[in-house]
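Notes for the one structure printed next.
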Protein chains: 2
Amino acid sequence: MIDDIDVSILKQLQKDARLSFAEVGRTIKLSASAVRERILKMEDTGVIKKYGIEIDHSKVGYDLEAFILVKVFHGKLKLLLSTIPSISEIEKAYRITGNQNIHLKVILKNQLHLQQLIDKLMPFGDTHTLLILSDVSSNDS
Amino acid sequence: MIDDIDVSILKQLQKDARLSFAEVGRTIKLSASAVRERILKMEDTGVIKKYGIEIDHSKVGYDLEAFILVKVFHGKLKLLLSTIPSISEIEKAYRITGNQNIHLKVILKNQLHLQQLIDKLMPFGDTHTLLILSDVSSNDS
DNA sequence: ATTGAAACCAGCAGGTA
DNA sequence: TACCTGCTGGTTTCAAT
């Protein structure tokens, strides 16, 4: 379904999603059209879910990032799930195993903003907030 | 530093980072070169950190995703931080507040793979693993 | 997977306000 | 400074091989 050439294409796009088909092809000795067809196929099959950008939120006025773990009240899960898309502060949301059942990554302006978000989440469950101090990934996979 | 036009450019790129300058410009009534200059400036100032792709890992043989919270042993933090980049399973790593001090997002093939990773992390601290059941973001911000 | 051709875009120069 | 137009070479796209 996916071969070594596809993997090396994916790795290049992970580093820079705006590389042209021609550029990708040059480094793996393939024509631009061949690269294009492989990438289109990976889009169609859903291997590539989307092309996105990473923003430094602290440079646009959002100085606080946090994880919020929610232990959802009995019967409130469906309502919370349908509410999540309307909360712009939530960057990513997952159902998880464990004592808490929802894991949120949130982007906020400041502590007041965090407080307001927690207030908004309170009707759905008990929250536990972990502030993000710094990104320590430095991941060039 | 950043105005409404920049914000709308960022939103478009978040949806599709491969949009051409011309395409972005068309939807906001701006020339391609104006869009290009704005984007270059946001790259230079670090607002845009990178262009990346989101991969559906389950379609390439990695069926397990998890968060691992690590309560790092006294004196082991620096060593862990320097080890993290060499662990390919770690997609993202953060220092956080709370009882645990490191938050990892990991991509794994299966439970055995998870076990091996936890074994690798054990020397650095006590781990607490939260399996990801599903993505419930549906976030078209 | 490749090539070839038409449409399109990136990058840059030079210009306006 | 922020935007524009016009130009050129490279790129995307699609069809044929």
Side-chain angles (χ1 to χ4, degrees), chain A residues 1-63 88 91 107 109-110 137-141, chain B residues 1-62 88 138-141:
Chain A
M1 186 92 201
I2 192 178
D3 62 13
D4 294 346
I5 296 175
D6 289 324
V7 171
S8 83
I9 291 174
L10 289 176
K11 281 184 183 163
Q12 285 192 66
L13 291 178
Q14 275 182 323
K15 282 188 189 160
D16 182 1
R18 281 178 76 84
L19 286 175
S20 69
F21 301 134
E23 278 172 296
V24 172
R26 241 167 259 135
T27 72
I28 57 176
K29 268 91 173 70
L30 224 59
S31 71
S33 336
V35 172
R36 179 172 175 268
E37 278 178 14
R38 281 172 175 273
I39 290 177
L40 289 183
K41 189 175 293 172
M42 289 194 282
E43 291 171 4
D44 289 344
T45 58
V47 172
I48 296 174
K49 284 195 287 186
K50 76 171 290 189
Y51 301 92
I53 59 176
E54 280 181 33
I55 294 173
D56 187 336
H57 300 283
S58 71
K59 296 208 166 130
V60 292
Y62 287 74
D63 290 322
S88 65
E91 186 190 56
I107 315 289
K109 291 184 186 170
N110 48 44
S137 307
S138 79
N139 198 7
D140 333 59
S141 53
Chain B
M1 186 93 200
I2 193 180
D3 62 13
D4 293 347
I5 297 175
D6 288 324
V7 170
S8 83
I9 291 174
L10 289 175
K11 280 186 184 162
Q12 282 192 68
L13 291 178
Q14 275 182 322
K15 283 189 191 160
D16 182 1
R18 283 179 74 83
L19 254 27
S20 70
F21 300 134
E23 278 171 300
V24 173
R26 240 166 261 135
T27 70
I28 57 175
K29 266 90 175 73
L30 223 58
S31 73
S33 39
V35 172
R36 180 172 177 269
E37 279 177 15
R38 282 172 173 273
I39 289 178
L40 288 183
K41 188 175 293 174
M42 289 194 282
E43 291 172 3
D44 289 344
T45 56
V47 173
I48 296 176
K49 284 196 289 188
K50 78 171 289 188
Y51 301 92
I53 57 175
E54 279 180 35
I55 295 173
D56 187 336
H57 300 283
S58 71
K59 295 208 166 130
V60 292
Y62 287 74
S88 65
S138 78
N139 199 6
D140 333 58
S141 53

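A, B, ... follow the sequence lines: proteins, then strands. Residue 1 opens every chain.
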In whole angstrom, what separates [X]'s [atom1] from [N]'s [atom2]?
X: A/Tyr51; N: D/dT12; atom1: OH; atom2: C1'; answer: 13 Å
X: B/Ile39; N: D/dC3; atom1: CD1; atom2: C1'; answer: 15 Å
X: A/Arg18; N: D/dT12; atom1: CZ; atom2: P; answer: 11 Å
X: B/Asp44; N: D/dT1; atom1: CG; atom2: P; answer: 13 Å
X: B/Asp16; N: C/dC9; atom1: CG; atom2: P; answer: 13 Å
X: B/Ile28; N: D/dC3; atom1: CD1; atom2: P; answer: 9 Å

Which nucleotide, [options], lies nearest any side-chain atom of [X]?
X: A/Ser31; options: D/dC3, C/dA1, D/dT12; answer: C/dA1
X: B/Arg26; options: C/dC9, C/dA1, C/dA10; answer: C/dC9
X: B/Glu37; options: D/dC4, C/dT2, C/dC9; answer: D/dC4
X: B/Phe21; options: C/dA10, D/dA2, D/dT11; answer: C/dA10

Please determine whether any donor N or O and acceptor N or O are separated by less than 3.5 Å between the side chain of B/Ser33 and the base of D/dT5. yes
Original post:
With the threshold set at 4.0 Å, does a side-chain nitrogen-carboxylate oxygen contact exist between A/Lys49 and B/Asp56?
Top reply: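 Answer for the salt bridge query: no.
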Which part of the nucleic acid does B/Ser20 contact within heavy-atom distance under 4.0 Å: base, sugar-phosphate only, or nothing?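 Sugar-phosphate contact only - B/Ser20 comes under 4.0 Å of backbone atoms but never of a base.
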Q.
Any heavy-atom pair between the side chains of A/Asp6 and A/Lys41 that's under 4.5 Å?
A.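 Result no, sub-4.5 Å side-chain heavy-atom pair not found.
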| message | Is any side-chain heavy atom of B/Ile55 closer than 4.5 Å to one of A/Gln14? | response | yes
Hey, does the side chain of [X] come within less than 4.0 Å of [N]'s phosphate (OP1/OP2), counting only N and O?
X: B/Arg38; N: D/dC3; answer: yes
X: A/Lys29; N: C/dA1; answer: no
X: B/Arg36; N: D/dT5; answer: no

Ranking A/Glu23 and A/Leu40 by the position along DNA chain D of their nearest nucleotide, the one closer to 5' is A/Glu23
Correct closest heavy-atom pair for A/Arg38 and A/Asp3 would be NH1-OD1, 2.9 Å
Walk me through whether B/Thr45 and B/Ile2 qualify under side-chain contact (heavy atoms from CB on, under 4.5 Å).
CA-CA 10 Å; B/Thr45 56; B/Ile2 193 180; over 6 Å; no
